[in-house]
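Reviewing the structure listed below.
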Amino acid sequence: MKLIGSVTSPFVRKVRVVMADKKLDFSFEQENVWVPETMIQQVNPLGKIPCLVMEDGSTLYDSRVIAEYLDTISPVCKLLPPNGRDRAEVKVWEALADGVLDAAILVFIERRDRAPELQSAQWIERQLGKVHAGLREMSTRLGESAYCMGIHYTLADVAAGCALGWLAFRFPEIDWRGDYPNLARLADKLAERPSFRDTAPFLA
Ligand SMILES: N[C@@H](CCC(=O)N[C@@H](CS)C(=O)NCC(=O)O)C(=O)O
């Protein structure tokens, strides 16, 4: 399997963490999807990473689909409950953490790619509102539990840890550690795992 991605994308990181936790072999091909010469649309018409290229050349996207698939191909470190309400709850956690990222990335791109006079303060406020509401909900859901789903590490923690890690990387001004000590405690615990430690985002 070949994973196409970058070392800064939190969605790619989700997949890399899952691969590492489940001890799956893959090659990692870095692709900058933001330059005009990117070839990403040859494997994903949406032009987004992560994209998983299988042995037969077929492709899987997006990160939620890839993570769910990877969990089915190895019994090591099961990350999703087999069915029922618990499985849906893990997927809600994933939707929540990914949704925080979607909103934060829109702000990041607006600020990075648009001239200051063209940036919409209203749009940025709208998206930041989602980021803050999402963080609040993550904190409420976590409560005093060791992990998102209680005592077991799951895909919910992978998604939450990658979202928090990316916010720390790109939005240091958002003080989620100060506002939500329980999220800081979770992030610190996850950062000790080799799968998280080895995939921390960095600027190349
Ligand atoms: N829902 C998708 C989101 C993927 C995504 O937005 N990836 C970003 C990088 S962090 C990307 O490739 N963006 C390129 C673009 O939007 O053109 C997933 O979970 O994989």
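All figures in this text were calculated on a predicted structure; none of them were measured in a lab. Both counts, for ligands and for their atoms, begin at 1 and track the order of listing.
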Practice item. Could you tell me whether some N/O pair between Arg64 and ligand 1 is separated by less than 3.5 angstrom? Key: no
Exercise for review: Show which atoms of ligand 1 fall inside a sub-4.0 Å distance from at least one heavy-atom site of Val33.
Suggested key: 12 (O), 14 (C)
Exercise for review: Find out whether the Lys NZ or Arg CZ of Arg114 is both under 6.0 angstrom from the six-membered ring centre of Trp123 and within 45° of the ring's axis.
Suggested key: no
Check your understanding: Which protein heavy atom lies closest to atom 20 (O) of ligand 1, and at what distance to 0.1 Å?
Key -> Ser63 N, 2.9 Å
Review point. Do any nitrogen or oxygen atoms of Asp62 lie less than 3.5 angstrom from nitrogen or oxygen atoms of ligand 1?
Key: yes
Point to revise | Option of least heavy-atom distance to atom 15 (C) of ligand 1 (set: Trp166, Phe11, Trp34) | key: Trp34
Review point. In chain order, what residues pass the ring-ring contact (aromatic ring centres under 6.0 Å, His included) check against Phe28, with sequence neighbours excluded?
Key: none
Check your understanding: Is there a donor-acceptor pair closer than 3.5 Å between any side-chain N or O of Lys2 and the backbone N or O of Met54?
Key -> no
Review point. Quick check: does Ile49 get an N/O under 3.5 Å from an N/O on ligand 1?
Key: yes
Review point. Are Trp166 and Phe11 an aromatic pair by the rule of ring centers under 6.0 Å?
Key: no
Check your understanding: What protein heavy atom sits nearest atom 16 (O) of ligand 1, and how far away is it?
Key -> Lys48 CE, 3.5 Å
Check your understanding: Is a side-chain donor-acceptor pair under 3.5 Å present for Ser6 with Glu31?
Key -> no
Point to revise | Residues Arg193 and Asp21 bridged, charged N to O under 4.0 Å | key: yes
Practice item. Could you find the nearest protein heavy atom to atom 10 (S) of ligand 1 and give me its residue, atom name and distance? Key: Ser9 OG, 3.1 Å
